[in-house]
Protein chains: 2
Amino acid sequence: MARAGLSREVVVAQAAAIADAMGWDRLTLAAIADSLGVKLPSLYKHITSLDGLRRDLAVAATRELAETLAAAAVGRAGPDALAAAANAYRSFAVAHPGRYAATVRAPAPEDAEHREAADAVMRVVFAVLSGYGLAGDDAVDAARALRASLHGFVALECGGGFAMPRAPERSYHRLIEAFDQALLRWPSSSEGG
Amino acid sequence: MARAGLSREVVVAQAAAIADAMGWDRLTLAAIADSLGVKLPSLYKHITSLDGLRRDLAVAATRELAETLAAAAVGRAGPDALAAAANAYRSFAVAHPGRYAATVRAPAPEDAEHREAADAVMRVVFAVLSGYGLAGDDAVDAARALRASLHGFVALECGGGFAMPRAPERSYHRLIEAFDQALLRWPSSSEGG
DNA sequence: CAATGTAGGCTAATGTAATTAGCGTAATGG
DNA sequence: CCATTACGCTAATTACATTAGCCTACATTG
């Protein structure tokens, strides 16, 4: 039997492609093995389990998202940075739905590598918010609100949750515009101790 | 064999309980049958398939959510209605995570019953927005932004996505406050044709 | 170059879950 | 009371994840 030249990286990359094509929830080892031209059990020489593979894919996808966001926001500030990052976020989700879904998986508490990848995403978010002069609890609240808004939008959009006949791009643009305005007034909101 | 007194409704209700307890994604016919004290194949006398059951559960849960939101918002208007509905939304998700996840499933295009349930939710949202004088594309954009923000927040929160040591309730309250302010200025945003 | 050890493929077997086929009994309506 | 239907069962099939254990390509080393 000729060697197939697999590795953990190759398997994860193939898993990403299949997750993008078939959906994160329908990712199966059978499909991955098939598309790599090997039998299913062979994968276990490179992964520990399906869940382990999902975690590896989550880490890889989260890093990819962080780099994408950072690349979009670099050299920009304020509303400019916000719009660039938000558009990059949605584009990533639309272009790579499986990988995007993987980024939503929360890191296990003791998983330093995964945490670091998730932190890298949050660093970009906080960098964008710093352009609005936000820090401390203000920034945490704003970061949560921003991530929630963007994630909620793309999750609903990708899930077919927008039934009305209006282009999602328009609504998204409007959302970001409104968020920008909200950030300008953010620090003046009641700061409950 | 004594009859177990099953029905589609009973099976769906049990599925809801199990989805809440184990998670929407880990809902299995085996668990449902077990908890009802019957063998797995017996369920097929009342459901068409696992996916059919998930759809039935989605309809039931979506109706429940619509009623919950309507009950919370009735008799209120403006910021009051917004806060009441938003809090009811998050409470529902936290109290019934499985049912909440079911409500996110988009109706199939030809599924009138499911569509009607989803419309009932949107009617409450539009009713809240009408208190801000919004209609037409303005209202559609605002409705999408609102649903995205709320869904994104509870999805991330329930998924353990908030790592920072700050109470999610605070961040949520802040989000709603900011959204209220955004709605006041909403119609003045650029209305791109 | 030959011996050898390991890495990386394989087949076979197990367990869980969804689904279908077909059997037998409880409930119900003439 | 009998016939029909409703409803639960067992048995079998399929798909998938997982483990055990085999067998060979290939790199290392004498």
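Proteins come first, then strands; the chains are lettered A, B, ... in the order of their sequence lines, and each starts at number 1.
- Nucleic acid contact class of B:L6 (heavy atoms, under 4.0 Å, all strands): sugar-phosphate only.
- The side chain of B:S49 lies closest to C:dT19 when the candidates are D:dC7, C:dG9, C:dT19.
- Taking atom OH of residue A:Y44 and atom C1' of nucleotide C:dA13, one finds them 14 Å apart after rounding to whole Å.
- In the set D:dC16, D:dC26, C:dC10, the nucleotide with an atom closest to the side chain of A:A30 is D:dC16.
- In this structure, A:I32 atom CD1 and D:dC16 atom P are separated by 12 Å, rounded to whole Å.
- Rounding to whole angstrom units, CG of residue B:L43 and C1' of D:dG8 are separated by 11 Å.
- Taking atom CG of residue B:L36 and atom P of nucleotide D:dC9, one finds them 11 Å apart after rounding to whole Å.
- Checked against D:dT18, D:dT10, C:dA18, the side chain of A:L50 finds its nearest nucleotide in D:dT18.
- Distance B:D51 CG to D:dA15 C1': 16 Å, rounded to the nearest Å.
- Applying the 4.0 Å criterion to OP1 and OP2 of D:dG8, one finds that B:H46 has a side-chain N or O inside that range.
- Geometrically, B:R99 does not engage B:W24 in a cation-pi contact defined by less than 6.0 Å to the ring centre and at most 45° from the axis.
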Exercise. Which is it for B:R147 and A:L156 under the side chain to side chain contact (heavy atoms under 4.5 Å, CB included) test, yes or no, and what are the steps along the way?
Worked result: CA-CA 9 Å; B:R147 189 143 157 64; A:L156 292 174; 3.7 Å; yes
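- When each of B:L40 and A:S7 is assigned the nucleotide of DNA chain C with its nearest heavy atom, A:S7 is the one assigned upstream, toward the 5' end.
- For A:F153 and A:F162, the ring centers sit closer than 6.0 Å to each other.
- By the 4.0 Å N-to-carboxylate-O rule, B:R115 lies too far from B:E110 to be salt-bridged with it.
- Counting any heavy atom pair closer than 4.0 Å across all strands shown, B:S42 reaches a base atom.
- Relative to the side chain of A:R3, the nucleotides C:dA7, D:dT18, C:dT19 differ in distance, and C:dA7 lies closest.
- In the set C:dT11, D:dC16, C:dA18, the nucleotide with an atom closest to the side chain of A:K39 is C:dT11.
- Residue A:I47 contributes atom CD1, which lies 12 Å from atom P of C:dG9 at whole-angstrom precision.
- Not less than 6.0 angstrom separates the ring centroid of B:H96 from the ring centroid of B:Y100.
- Note: CG (A:D25) to C1' (C:dA17) measures 17 Å, nearest angstrom.
- Backbone-only contact: B:G5 has heavy atoms under 4.0 Å from sugar-phosphate atoms and none from a base.
- Between B:R8 atom CZ and D:dC7 atom P the separation is 13 Å, expressed in whole Å.
- In this model, a side-chain donor or acceptor of A:K45 finds a partner on the base of C:dG9 within 3.5 Å.
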